[in-house]
Structure formats: structure tokens, C-alpha cells
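What follows is one structure encoded as C-alpha cells, with my remarks underneath.
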Amino acid sequence: MAEADLLDIRRKKLDELESSGIDPYPRRFEVETTVATLRGLYESWEEERLQEEEPRARLAGRIVAQRGHGKAGFADLENGDQRLQLYVRQDVLGEEAFALWQQIDVGDFVGIEGAMMKTRSGELSVRVDALTLLSKALRPLPEKWHGLKDTEIRYRQRYLDLLANPEVRETFKTRAAIIRGLRAHLDSHGFIEVETPMMQPVYGGAVARPFTTHHNTLDLDLYMRIAPELYLKRLLVGGFQRVYELNRNFRNEGISTLHNPEFTMLEFYAAYWDYGRMMDFAEELLTTVIETVVGSVDLEFQGQTISFKRPWARIPITQALVEIGGVPEELLSDTEALRAWLVERKVPVEEMSHGYMLDAALGRLVQPQVTSPLFVTHVPREASPFSKTVPDEPEVAERFELFCGGLEVANGYSEINDSREQRLRMEEMAVNRPPDVPAMDVDEDYIHALEYGMPPAAGIGFGIDRLVMLATDSASIRDVILFPLLRPKS
RNA sequence: GGGCCGUUAGCUCAGUUGGCAGAGCACCGGCCUUUUAAGCCGGGUGCCGCUGGUUCGAUCCCAGCACGGCCCA
């Protein structure tokens, strides 16, 4: 039947209900229990005991299936994630309420009251003796057996995806559990959660292209933040010793299975730590959260088994490129030979400086091959504009990137707290940036802040969406973001 | 930006070597007071993504476009 006809039929039912004095959208319903509670209480009872004691139940939910039997019928009521069968009989409910029952469609919300029972086949059910319509649905729900598969509808109308596909609800519960776990761990280790500007007059803290916007009253161009980094470090100047922010970043770049223009980042900073101490803490944090959420330190991701069991390997980038990426060792110090070798392997490094080239090679040749967590350290200085350098190795940053399941999951370093050094590095970045990233201004206000003194510190950023992908075995970032950006349909 | 694939009923999907468009679920009518993917009988689903072209005739072939997916950049 055409969609318009299906809608017409339900609108007609709605009109009939209203003209017979029934409010199809009442204000409230006093709920006394849930399906989960009822199952917990009575699932184990024998039918005879239920018959004798006839415990009462009053609850509400959505009708998700109906099986009519003339002057009786069965239906499945869903609330939370659980379903409970309703048994509706005209002789129990009365003629008037049964007539209402016959107007109920799959998708409607109802409130019911009745006695707990078990059917012949032993299914816990409620023998309904009072029925209240709580909300009339006008559109048909997706099909009950195959669910909703059309990816476009799943993303554009996520509510239908959640409605039809229980595993999608699980994914987003896992997402919430991960975020809860991260906060709990940080909170219990003396970190305080802060909120810093998402609209910034000068953007920074990462190498990326920003979104721009404008404040009318101030007549001020602003950037959506690409990272909270520089504001969080201002807070270290201000005397906070451990801070974190878990919120959205915005990058005006491509969309892929790994990239959404807005994504969720956890960044935190700890005074008096260096990058080594931060790696220790990152291991502890992630292992704890994964174990809490997944129930094990091992998990399956896209056909591979990832073990988060500590300790995690730590190797310098040069070793990673040679041993994992297969880069001939003698090319590492020969910029042009390395460039030719990489271009031959379709790594786009034509216009990159040596340091960014190594970083690009890391992403292309090493990252996809990493299964269990691996810290790659000693990243080139020029690709790391906020990292301190390794003592006696001015070309190498005290920085690590964390890879896992073929994804880049985190990135951290010993923070530059020497204002003179920071200015030089920001100026250097303007020259040596990757070709697709616009020039960034030196953030004078940030340099000014550093001049008041910032304690030695280490910081890290975690891509939360990717962590959720790992924990839920999701192949695309769109499967872990409730409303991923899609091109609007005209 | 490029390549490949997809778009058919509300949902899940068939299909047509180019000749009236199909199934299951859902829906509507009838029967049915312990079913559970209830069952039985009957019924209609539609801009075959959009715009052009080729053709006597296009859902099918061709081109362009839109949206989506995967891969590459």
C-alpha cells in the first residue's frame, strides 16, 4: 500500500478516537514498573503461583508486534530494551476498551494494567484489564524481521535505525559507557573537567583546516576550534595542575569512514609529567576503560584480535618505518631518495618537508598494520609544533602517537613551556606545514600566557569516536556518531 | 577530485536477452479467546532516484545529474 494510504488510514483512526472522546496524546501516565523489573521478579515463577497470587503490573511502552485472535489478541510491549507480551481478551478488558485495543497499531505507545501470567508455552505475559492510549503513531515502523538496512535512512533518520536495530542501541550505550569510564578514571586521578571556547579568534593546537564563522555584534571572524589544546595549557599557567576536556572539535576536511567534520576528542594535561609518564597513564586509562566496558582486555575488531594487555610496545618512528613499514633504512636520512621511494608507493609527499614526510609514511605504511596498541615515539620535531625535543636530539620531539586496530587513537607529548621556543616553533610551522593546510598565525595571546610561566607538563588527545569504533567493532565512524554529517537531500 | 557499486511498494528484496511490475513482512476486509516471524480466506500496493537520448515501445540500453556505500586521492 502506498505510503500516503497508510498515513490516511492511521489519520482516520486518530480522528475516530478523538471524536469518541479519547485523547490520543495525553499528558502523563503513572508508571509503576518496567519490563526489566517484571522479568526479574516473575520470570522464574511457575504458572500456578502466578495464577494464585496474580501480581499486578502497571507499565507503559510501545507496541512493537500484534497477533490478533478474534475477540482476544497478543501484542509485544517494548520499554527500555526489553519486550513483554500482552494478552488482551475482550471479556477481561470490556467491550469499550477492547474496541480501543482494536484501533491500536504497531508503533503506538500505550499504558496498561493487569495481572501477571504465563501462557501455555510458558511466556511471561500481562493479562491486560486496563488500557490507555499514550501516543498514536501515524507512520508504519520499519519491518520487524529484517530491520532497517538502507544505510542512507539509517543515518538520516537515526531514530528509525535505533528503533529497528537493537545492536545500534548497544553501540551508543557502549559509547556512553566509554565516556563515563574515561571521566571516572580522570576524576579519580585529580583531573578536573573544564570547558574552553569552541569559537576562537585564533585557532591552533593542531595542524588542520578550520571552519569559520562570524559574530555579528562584535563584527568578529571566529574559527570553530580544531583542538582545545592552547586553552587547556593556559589553564596550567593559571594554576590548575590536571585538566581535561571531553568535547567536540571541528575540522573542515574530507569525510570518510574515519573522519567526520565534527568529532569528539578527549584532551588532558598533567603538570610535572613528561611524555613517558603520559604513556604510562594512557595505558592504564585505556586498559581500565576497555576492561570495564568490554569485559576483557582483548577485543575483536574487524576480524583481528586486539590485546590491550599491558605493557604496550613503544618504538621510535624510524624503527617503525623500517621494521613495520618496510622502508629501507638508508633512505631515512636522504630526503629526496625517500620522497621518490614513497611517491612510488603512492604516498602523497611531493611537496612535504622531511619531517612531515616521515609522519605521512607512518600513517600510510605503519598504521594500517598495527593491531594491538603501539606507541610510536621520537616523531620529527617539525611535525610536532608544541612538543619539546629530546635532549641532544633537536630534530626529534618528545612525542608519541598511539595506533591500534589500524587506527590512530591518540597523540601526546611533553609540552613546550618555554615561550621563546614556542614562538620559534609556531613560526617554523608556518613554513613547513603540509601543503593542504593553510598558514596559521602565531597565537600571540598564548605566547603571552606562557611568559607568565607554565609548569613542565605532558598532554594527550584521544579520538573518542575511534575508541568507540574499536570497542563496538564498527567499520565506519558514522556507525558511532548518532547524526553523522550527510549532504542534505534537496 | 577519481574509480567501482547501489537507488524497484512503508520495510527487506526479486525481476525484466527492451513488450501490462513481483514476493515476504506491513496494511485493508472476513474468520479465529494461549499466539509469539500466529494461522486460514480475500484485497490493493509503485514517478522502477531525476532529466534527457536511442527505440514502434525504456524500469531494463546510452548520457548527464542527485543521493548513498566502498576504495583511491
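FYI, side chains are in, hydrogens and waters are out, and symmetry mates aren't considered; it's all heavy atoms of this structure. Note that the structure is a prediction, hence the values are computed from the model and not measured.
Looking only at side-chain heavy atoms (C-beta outward), A:I324 and A:L365 stay at 4.5 Å or farther from each other. Side-chain contact between A:L124 and A:L50 is present, with at least one heavy-atom pair separated by less than 4.5 Å. Here the side chains of A:K136 and A:K13 are in contact, with some heavy-atom distance below 4.5 Å.
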Show the distances under 3.5 angstrom between N or O atoms of the protein and N or O atoms of nucleotides 69-73 of chain B.
from: B:G69; atom 1: OP1; to: A:R478; atom 2: NE; distance (Å): 3.2
from: B:G69; atom 1: OP1; to: A:R478; atom 2: NH1; distance (Å): 3.4
from: B:C70; atom 1: OP2; to: A:R478; atom 2: NH1; distance (Å): 3.1
from: B:A73; atom 1: OP1; to: A:K346; atom 2: O; distance (Å): 2.9
from: B:A73; atom 1: OP1; to: A:R364; atom 2: NH1; distance (Å): 3.4
from: B:A73; atom 1: OP1; to: A:R364; atom 2: NH2; distance (Å): 2.5
from: B:A73; atom 1: OP2; to: A:R364; atom 2: NH1; distance (Å): 3.4
from: B:A73; atom 1: OP2; to: A:R364; atom 2: NH2; distance (Å): 3.2

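If you take atom C1' in B:U55 and the same atom in B:C60, they sit 13 Å apart, rounded to whole Å. Atom name P, nucleotides B:C70 and B:G53: the rounded distance is 35 Å, in whole Å. For B:C25 and B:C20, the P atoms lie 26 Å apart once the distance is rounded to whole Å. Taking atom P in both B:U59 and B:A26, the straight-line distance is 31 Å, to the nearest Å. B:C56 and B:C40 are spaced 49 Å apart, taking the P atom of each and rounding to whole Å. Spacing between B:A9 and B:A14 at atom C1', rounded to whole Å, works out to 13 Å. Between B:G3 and B:G57, the two C1' atoms lie 34 Å apart (nearest whole Å). Nucleotides B:C67 and B:U51 have their C1' atoms positioned 15 Å apart, rounded to a whole Å.
A:R156 comes within 4.0 angstrom of sugar-phosphate atoms only, judged by non-hydrogen atoms across all strands, and of no base. Using a 4.0 Å heavy-atom criterion, one finds that A:G68 contacts the bases of the nucleic acid, with or without backbone contacts as well. When heavy atoms are screened at a 4.0 angstrom cut-off, A:I153 is found touching the sugar-phosphate backbone but no base atom.
Nucleotide B:A37 is matched to nothing when pairs are restricted to Watson-Crick or G-U wobble geometry with both distances under 3.5 angstrom. Base-pair partner of B:U7: B:A66 (Watson-Crick or G-U wobble, both distances under 3.5 Å). Of all nucleotides present, none satisfies the Watson-Crick or G-U wobble test against B:U16 with each distance under 3.5 Å.
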- Message: Using side chain to side chain contact (heavy atoms under 4.5 Å, CB included), reason through A:R466 and A:E408 one step at a time and then give a plain yes or no.
- Response: CA-CA 8 Å; A:R466 292 177 188 172; A:E408 183 187 351; 3.9 Å; yes

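No side-chain donor-acceptor contact under 3.5 Å links A:D221 to the backbone of A:H214.
Ring-plane geometry between A:F400 and A:Y275 is classed as parallel, the angle between the planes falling under 30 degrees on a 0 to 90 degree scale with a further cut at 60.
Among the nucleotides B:G10, B:A37, B:U34, the one closest to the side chain of A:L6 is B:G10. Side-chain atoms of A:Q66 lie closest to B:C27 of the nucleotides B:G10, B:C11, B:C27. Here B:U12 is the nucleotide among B:A38, B:A26, B:U12 with the atom lying nearest to any side-chain atom of A:D150. For A:I9, taking side-chain heavy atoms from C-beta onward, the closest of the listed nucleotides B:G46, B:U33, B:C28 is B:C28.
The number of heavy-atom neighbours closer than 6.0 Å to OH of A:Y356, taken from other residues, nucleotides and ligands shown, is above 12. More than 12 heavy atoms of other shown residues, nucleotides or ligands fall within 6.0 angstrom of atom CD in A:Q102. By the 6.0 Å contact criterion, NZ on A:K71 is open, its count of non-hydrogen atoms from other residues, nucleotides or ligands being 12 or less.
Contact annotation: A:R120 reaches the phosphate of B:U35 (side-chain N/O to OP1 or OP2, under 4.0 Å). Not one side-chain nitrogen or oxygen of A:K12 sits closer than 4.0 Å to the OP1 or OP2 atom of B:C27. The phosphate of B:C67 (OP1 or OP2) has a side-chain N or O of A:R487 nearer than 4.0 angstrom.
Mapping A:L148 and A:D76 onto RNA chain B by nearest heavy atom places A:L148 closer to the 5' end of the strand.
A cation-pi arrangement, defined by a distance under 6.0 Å to the six-membered ring centre and an angle within 45 degrees of its axis, is present between A:R345 and A:W341. Judged by a 6.0 Å distance limit and a 45° cone about the ring axis, A:R58 is positioned over the six-membered ring of A:F29.
Within residues 47-56 of chain A, no residue approaches RNA chain B, by heavy-atom distance under 4.0 Å. For the segment residues 81-102 of chain A, the set of residues with a heavy atom within less than 4.0 Å of an atom of RNA chain B comprises A:Q85, A:Y87, A:R89, A:D91, in numerical order.
No side-chain N or O of A:T389 forms a donor-acceptor pair with one of A:R399 less than 3.5 Å apart. There is no side-chain donor-acceptor pair under 3.5 Å between A:Y223 and A:R225.
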